[in-house]
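Single-structure report; data block below.
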Amino acid sequence: MPQLDDLCSLIASCKMCGLHYFRKNAVCGKGPANAKYMIIGEAPGFQEDEVGAPFIGRSGKLIDSILSELGISRDSIYITNAVRCRPSMNKTPSVKEIKTCSDYLKEEISIVAPRVIIPMGNVALKSLGYVFGKKFPKVSEITGKVILVNRYYVYPQFHPAAILRNPKKNVYFSEGLKMVFTSDSEKLLAEGSVISL
Ligand code: URA
């Protein structure tokens with residue numbers, strides 16, 4: 001996947017915002033270049049910054065456990081983040097940081113061309129807004145819905161860290177992912193569960 005490798009080299013040496021001062025590793029997306037599904041998280045945490053891979057800490061383990069219940073291998077999914085460098089103290093990335101880094105996401109989406117995009121949390125959704133030049137509602141207002149943007153099906157979900165903080169929400173998260181990975185987007189479109197932006 002030369003195009004993704006080139007993109008990753010750019011990300012690894014990026015100094016477009018102040019987050020590069022504190023990073024150990026910039027974290028590139030990971031997965032097949034022709035993946036049907038793309039998960040987008042917020043930004044690397046401590047472990048991801050140490051190792052340089054996305055979603056390997058507690059949030060990643062939650063995603064893995066749900067995928068394995070559904071019989072889906074993580075290796076078949078492209079997993080990336082809205083922001084590629086860990087914000088110090090795991091702060092929420094600023095609007096400027098999200099906007100600057102969204103150019104990388106835009107490039108990644110055009111290379112991988114996934115059919116289904118799963119932004120997890122409001123930072124991922126905001127970044128997608130910059131990618132597509134659209135304003136999305138908040139995740140809490142549209143979780144469970146499918147948004148058709150250009151030719152992509154976008155299924156916003158809560159961020160797994162929010163689920164770990166409030167396990168009562170886990171039912172929405174697992175049911176949401178089950179819907180994403182097991183239902184046919186065309187059928188949902190026909191049923192009118194799809195918002196077009
Ligand atoms: N949280 C995220 O949003 N992304 C990661 O890669 C890890 C934790």
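Below, each value reflects all heavy atoms present in this structure, side chains not excepted, and no hydrogens, waters or symmetry copies. This is a predicted model, so every value here is computed, not measured.
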With a 3.5 Å distance limit and no angle check, can you tell me whether [X] reaches the backbone of [Y] through a side-chain donor-acceptor pair?
{"X": "K61", "Y": "I56", "result": "yes"}
{"X": "R84", "Y": "A12", "result": "no"}
{"X": "E48", "Y": "G45", "result": "yes"}
{"X": "N170", "Y": "I163", "result": "no"}
{"X": "T143", "Y": "S140", "result": "no"}
{"X": "S59", "Y": "F55", "result": "no"}

- Message: Could you check whether E97 pairs with K91 (Lys NZ or Arg NE/NH1/NH2 to Asp/Glu carboxylate O, under 4.0 Å)?
- Response: no

Separation between CD1 (I98) and CG (L125), nearest 0.5 Å, reads 10.5 Å

Is there side-chain contact between [X] and [Y], with heavy atoms separated by less than 4.5 Å?
{"X": "N166", "Y": "F158", "value": "no"}
{"X": "Y37", "Y": "V180", "value": "yes"}
{"X": "V154", "Y": "P119", "value": "yes"}
{"X": "R74", "Y": "I63", "value": "no"}
{"X": "V149", "Y": "F136", "value": "yes"}

Of all heavy-atom pairs linking Y130 and S102, the shortest is CB-OG, 3.5 Å

Taking every heavy atom of A43 against every heavy atom of P93, the minimum-distance pair comes out as CB-CG, 4.2 Å

So, C101 with C17, SGs under 2.5 angstrom?
no

Next on the checklist: For Y152, is the OH atom crowded, meaning more than 12 foreign heavy atoms sit under 6.0 Å from it?
Outcome noted: yes

*Do V123 and I109 share a hydrophobic cluster, counting only Ile, Leu, Val, Met, Phe, Trp and Tyr and linking them when any side-chain heavy atoms are less than 4.5 Å apart?*
no

